[in-house]
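Report on the following structure.
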Amino acid sequence: MSIIVTGGAGFIGSNFILDWLQGGDEIVVNVDKLTYAGNLDNLTSVQKNPRHQFVMGDIGDTALFAKLLTQHTPRAIVNFAAESHVDRSIHGPADFIQTNIVGTFRMLETVRSYWTGLPTQEKSAFRFLHVSTDEVYGSLGKGQPAFTEQHRYEPNSPYSASKASSDHLVRAYHHTYGLPVLTTNCSNNYGPFQFPEKLIPLIIHNALAGKALPVYGDGQQVRDWLYVGDHCAAVRRVLDAGQVGETYNIGGGNERVNLDVVRTVCTILDDFHPKPDGGNYQSQITFVKDRPGHDRRYAINPEKIQHELGWKPAETFETGIRKTVRWYLDHQAWVRNVTTGAYRHWVEKQYSL
Ligand code: NAD
Ligand code: DAU
């Protein structure tokens with residue numbers, strides 16, 4: 001038995017693969033385009049594991065995907081592959097449209113054709129799990145109830161609009177063709193291997209480098225944080241027991257104001273890695289121009305996945321953030337490889353890019 005994971009060299013995908021290989025005996029075929037966000041250093045510990053098979057490729061490459069499906073006859077696809085950074089989507093939306101919408105569409109077409117030809121039993125057991133985001137629901141005002149699965153879609157950035165489009169395509173492939181799909185909409189993740197363009201790893205990196213800690217606007221925007229391992233466990237649970245055609249919101253009830261998150265990271269760093277000059281890291285906080293169209297607040301209502309599938313997070317924000325800061329301090333070589341671009345050299349050599 002095997003599964004195909006797309007985007008498995010990225011932040012959440014690599015955590016998912018590392019966790020997956022801890023148990024069971026299934027092969028994971030990891031299809032990743034190795035964009036700037038894909039980093040095989042995340043998977044060094046499983047490089048020689050015969051259950052992990054890496055394929056460099058694009059989810060929109062129909063010929064490649066069709067070949068992989070025939071070759072591996074997977075029982076499931078877990079789709080993490082995406083352009084994922086909101087700020088990048090503001091500066092250049094084209095890649096987001098290409099991968100998140102066109103790529104997902106092409107993959108769905110290829111998977112539909114493969115799935116249609118499966119014998120009856122395999123056909124009903126097959127699953128296409130699409131990993132999406134809470135950002136598709138738009139922004140909440142203070143005091144408004146957290147997003148349920150019934151909340152209407154109101155995406156505000158090119159990133160969230162492209163993810164919303166992919167969610168709609170996945171839904172349509174179920175309703176129109178019967179493809180057995182599952183969709184998850186998760187809140188902000190943090191943890192090991194997150195690319196230091198996202199808030200938490202960026203703050204850790206800049207703090208240690210003595211640089212400004214950029215807080216957008218007034219820093220009062222709210223995000224609902226979930227430790228990446230808890231997200232991965234939720235995805236596994238939905239894959240195992242989710243109702244076909246359903247969507248599941250994933251979140252840990254950890255709403256935090258951005259400025260508080262930054263201050264928390266600074267306080268933990270003061271404890272784990274005091275500044276050589278005896279000062280504190282909060283002195284590096286700098287308010288900068290706000291992100292255009294910045295969503296004010298996200299919050300997830302996770303009751304459906306908790307009640308129907310029995311999932312709940314293992315980490316609180318307080319435990320998860322300490323683990324995360326510790327991880328970054330202990331993996332400075334990984335951070336250096338990413339921030340200097342050294343992690344790309346192997347890719348360029350190997351694939352003659
Ligand atoms: P990431 O940017 O760290 O990783 C994305 C991975 O996808 C990279 O390895 C990249 O090389 C690969 N990729 C990009 N385009 C591809 C293509 N056309 N074909 C094959 N591979 C391609 O992203 P992440 O933070 O790990 O997010 C993974 C998924 O989870 C995304 O779909 C994202 O929308 C969703 N999500 C992320 C968060 C979060 O807080 N990070 C929260 C909820 C949902
Ligand atoms: O909600 C889930 C989403 O969370 C995922 O779908 C996205 O893939 C993921 O990138 C994340 O989106 P955000 O825009 O919320 O994450 P980011 O880390 O970019 O920013 C978190 C908050 O911090 C946001 O309100 C913007 C703010 N911010 C971010 C950066 C990078 C700053 O104030 N300063 C910064 O330098």
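All heavy atoms count here, side chains included; hydrogens, waters and symmetry mates do not. Numbering of residues begins at 1 and proceeds along the displayed sequence. Counting starts at 1 for both ligands and their atoms, in listed order.
- Between the side chains of T319 and T316, at least one donor N or O lies within less than 3.5 Å of an accepting N or O.
- The protein non-hydrogen atom at the shortest distance from atom 40 (O) of ligand 1 is N189 N, 2.8 Å.
- Residue C186 places no N or O, backbone or side chain, under 3.5 Å from any N or O of ligand 2.
- Between Y177 and W115, the gap from one ring centroid to the other reaches at least 6.0 Å.
- In terms of protein heavy-atom proximity, atom 21 (C) of ligand 2 is nearest to L199 CB, 3.9 Å.
- In summary, of the residues considered (T133, T104, T183, N185), a side-chain hydrogen bond (donor to acceptor under 3.5 Å, both in side chains) with D167 occurs for N185 alone.
- Here the heavy atom of the protein found nearest to atom 29 (C) of ligand 2 is Y216 CE1, 3.5 Å.
- Hydrophobic cluster membership is shared by Y328 and F272, with clusters built from Ile, Leu, Val, Met, Phe, Trp and Tyr side chains linked at under 4.5 angstrom.
- Residue contacts with ligand 1 leave out Y36, since none of its heavy atoms falls under 4.0 Å from the ligand.
- For atom 26 (O) of ligand 1, the closest non-hydrogen atom of the protein is I12 N, 2.8 Å.
- Of the N or O atoms in S132, none lie within a sub-3.5 Å distance of an N or O in ligand 1.
- Residue-ligand proximity: G8 is placed with every non-hydrogen atom at 4.0 Å or more from ligand 1.
- Considering backbone and side-chain atoms alike, K163 places an N or O below 3.5 Å from some N or O of ligand 1.
- A distance below 6.0 Å separates the ring centres of Y137 and F147.
- Remark: among candidates R296, R223, K163, the nearest residue to atom 15 (O) of ligand 2 is R223, based on non-hydrogen atoms.
- No hydrogens or angles considered: nothing links the side chains of N301 and T148 as a donor-acceptor pair under 3.5 Å.
- Checked by distance only, ligand 1 and T99 come closer than 3.5 Å through their nitrogen or oxygen atoms.
- Given atom 7 (C) of ligand 2, the protein heavy atom at minimum distance is S84 O, 3.4 Å.
- Taking any N or O of N79, backbone or side chain, none lies under 3.5 Å from an N or O belonging to ligand 1.
- By the criterion of a heavy-atom distance under 4.0 Å, the side chain of E135, and not its backbone, is placed next to ligand 2.
- Using a non-hydrogen distance threshold of 4.0 Å, S14 does not register as a contact of ligand 1.
- Contacts between V86 and ligand 2 below 4.0 angstrom, taking non-hydrogen atoms only, involve the side chain exclusively.
- In terms of heavy-atom proximity, L129 sits nearest to V235 at CD1-O, 3.7 Å.
- Polar contact check, N258 against ligand 2: a nitrogen or oxygen pair lies under 3.5 Å apart.
- With a 4.0 Å heavy-atom cut-off, ligand 2 is reached by no atom of N189.
- With 3.5 Å as the limit, one finds no donor-acceptor pair spanning the side chains of S165 and S162.
- In R51, the CZ atom is crowded: over 12 heavy atoms of neighbouring residues, nucleotides or ligands sit closer than 6.0 Å.
- Of the residues listed (L21, N15, D19), the one engaging I17 in a side chain to side chain contact (heavy atoms under 4.5 Å, CB included) is L21, and it is the only one.
- Remark: minimum distance from atom 28 (C) of ligand 1 to any protein heavy atom is reached at F80 O, 3.4 Å.
- Atom 11 (O) of ligand 1 has as its closest protein heavy atom D32 OD1, 2.6 Å.
- Both cation-pi conditions hold for R88 and Y36: the charged atom is under 6.0 angstrom from the six-membered ring centre and inside a 45 degree cone around its axis.
- Atom 5 (C) of ligand 1 has A82 O, 3.4 Å as its closest protein atom, hydrogens excluded (heavy atom only).
- What sits closest to atom 43 (C) of ligand 1 on the protein, heavy atoms only, is C186 O, 3.3 Å.
- More than 12 heavy atoms of other shown residues, nucleotides or ligands fall within 6.0 angstrom of atom NZ in K123.
- In terms of protein heavy-atom proximity, atom 31 (C) of ligand 2 is closest to E197 O, 3.3 Å.
- Taking the six-membered ring where tryptophan is involved, the planes of H168 and Y153 are tilted, since the angle between them lies from 30° to 60°.
- Residue-to-ligand polar distances place K33 within reach of ligand 1: an N/O pair is separated by less than 3.5 Å.
- Ranking protein heavy atoms by distance to atom 34 (O) of ligand 1, first place goes to Y159 OH, 2.7 Å.
- The distance criterion of under 3.5 Å between nitrogen or oxygen atoms is met by R291 with respect to ligand 2.
- Two rings, from F317 and Y190, have their centers less than 6.0 Å apart.
- Every heavy atom of G60 sits 4.0 Å or more from the atoms of ligand 1.
- For a threshold of 3.5 Å applied to N or O pairs, the pair formed by D87 and ligand 2 contains no separation below that value.
- Atom 4 (O) of ligand 1 has G10 CA, 3.4 Å as its closest protein atom, hydrogens excluded (heavy atom only).
- Between V31 and ligand 1, a contact under 3.5 Å exists for no N or O pair.
- Checked against a 3.5 angstrom limit, the closest N/O atoms of N188 and ligand 2 fall inside it.
- Remark: ligand 2 and Y159 share an N or O pair separated by less than 3.5 Å (distance only, no angle test).
- Taking the six-membered ring for Trp and thresholds of 30 and 60 degrees, F96 and Y159 have ring planes more than 60 degrees apart, a perpendicular arrangement.
- Residue T133 has no N or O atom closer than 3.5 Å to an N or O atom of ligand 1.
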